[in-house]
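Values below: every heavy atom of this structure, side chains too, minus hydrogens, waters and symmetry copies. For clarity, every value in this text was computed on a predicted model and none was experimentally measured.
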Amino acid sequence: MHSRTSGSEHSLGNPPLRSVSARTVDPLIRRLRVGAVAAALVGSLGLLSACGGADADKAGAPLEASPGSSLPGLPGASGTASASMPGMDMPSSAASGAGDAPAPAPVSGTAVAIKNFAFSPASLTVKVGTKVTWTNQDSDAHTVTSDASGGPLNSPAMNTGDPFSHTFTKPGTYKYLCTIHPFMTATVTVTQ
């Protein structure tokens with residue numbers, strides 16, 4: 001029986017069929033990976049330039065969504081938002097001559113709502129022995145996790161409506177975040 005690559009195919013100048021080796025595949029995969037990385041870089045630079053293209057006279061002004069629309073980058077958010085994201089420190093040179101805004105005053109209470117990709121209130125003050133309960137009101141999952149390793153807060157991923165509670169037994173300042181969305185940060189201050 002004749003093979004497919006014998007006879008007239010050789011006389012026409014076609015090379016015989018052979019298996020694809022790792023040597024021929026590796027450069028192709030490398031080129032595809034380099035192309036994908038380059039495309040991601042170009043896309044990221046495009047997003048950065050689009051986000052940073054604010055008018056000089058509007059720098060530092062709050063972002064405003066038109067009626068019936070949402071703010072890009074903030075799922076489910078609408079209306080007005082500050083020009084910076086919670087937990088994201090902006091260099092003071094980025095502000096347009098206005099000094100850094102003072103941190104919000106700590107709020108007392110025992111409940112923290114997780115909504116619009118933020119902890120509300122972002123700063124809570126409680127007494128030793130107080131049980132604080134966080135409730136996820138977003139459609140995305142969130143966690144309540146101590147910022148420092150070994151901290152007392154370590155919730156599982158919380159779906160919509162899920163609560164997480166912790167009773168604070170020692171005074172101190174407890175910084176925490178959502179490990180799924182690390183820009184979400186907040187603090188509980190525990191006093192005597």
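- Contact of the Phe117 side chain with the Cys178 side chain is not registered, since no non-hydrogen atoms from C-beta on lie closer than 4.5 Å.
- With hydrogens and angles disregarded, no donor-acceptor distance shorter than 3.5 Å links the side chain of Asn136 to the backbone of Asp162.
- In terms of heavy-atom proximity, Thr187 sits nearest to Tyr176 at N-CE2, 3.8 Å.
- In the hydrophobic cluster analysis, where Ile, Leu, Val, Met, Phe, Trp and Tyr join through side-chain heavy atoms closer than 4.5 angstrom, Phe183 is grouped apart from Leu177.
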Does Ile114 form a side chain to side chain contact (heavy atoms under 4.5 Å, CB included) with Val144? I'd like the steps, not just the answer. CA-CA 10 Å; Ile114 305 171; Val144 176; 4.1 Å; yes
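- Counting all heavy atoms, side chain and backbone alike, Ala141 lies closest to Ala157 at CB-CB, 4.4 Å.
- In this structure, NE2 in His142 is found 12.5 Å from NZ in Lys115, a value given to the nearest 0.5 Å.
- Judged purely by distance below 3.5 Å, without hydrogens or angles, the side chains of Thr110 and Thr130 never pair a donor atom with an acceptor atom.
- A distance of 12.5 Å separates NZ in Lys127 from OG1 in Thr189, rounded to the nearest 0.5 Å.
- Side-chain contact between Leu153 and Phe168 is present, with heavy atoms from C-beta onward closer than 4.5 Å.
- Under a hydrophobic clustering in which Ile, Leu, Val, Met, Phe, Trp and Tyr are joined whenever their side-chain heavy atoms come within less than 4.5 Å, directly or via other members, Phe164 and Ile180 fall into different clusters.
- Here CG of Asp140 is found 7.5 Å from OG1 of Thr160. Values are rounded to the nearest 0.5 Å.
- When all heavy atoms of Ser146 and Pro152 are compared, the pair lying nearest together is OG-N, 3.2 Å.
- In this structure a side-chain-to-backbone donor-acceptor pair under 3.5 Å is present from Asp138 to Asn116.
- Ser120 pairs by the side chain to side chain donor-acceptor pair (under 3.5 Å) definition with nothing, not counting sequence neighbours.
- When every heavy atom of Ser165 is checked against every heavy atom of Thr133, the shortest pair comes out as OG-OG1, 2.7 Å.
- Val132 is not listed as a side-chain neighbour of Tyr174, based on a closest heavy-atom distance of 4.5 Å or more.
- When all heavy atoms are compared, the tightest approach of Pro171 to Gln192 is CG-NE2, 3.3 Å.
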Can Asp147 and Thr185 be said to form a side chain to side chain contact (heavy atoms under 4.5 Å, CB included), step by step? CA-CA 9 Å; Asp147 195 14; Thr185 61; over 6 Å; no
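- Partners of His166 by side chain to side chain donor-acceptor pair (under 3.5 Å), not counting sequence neighbours: none found.
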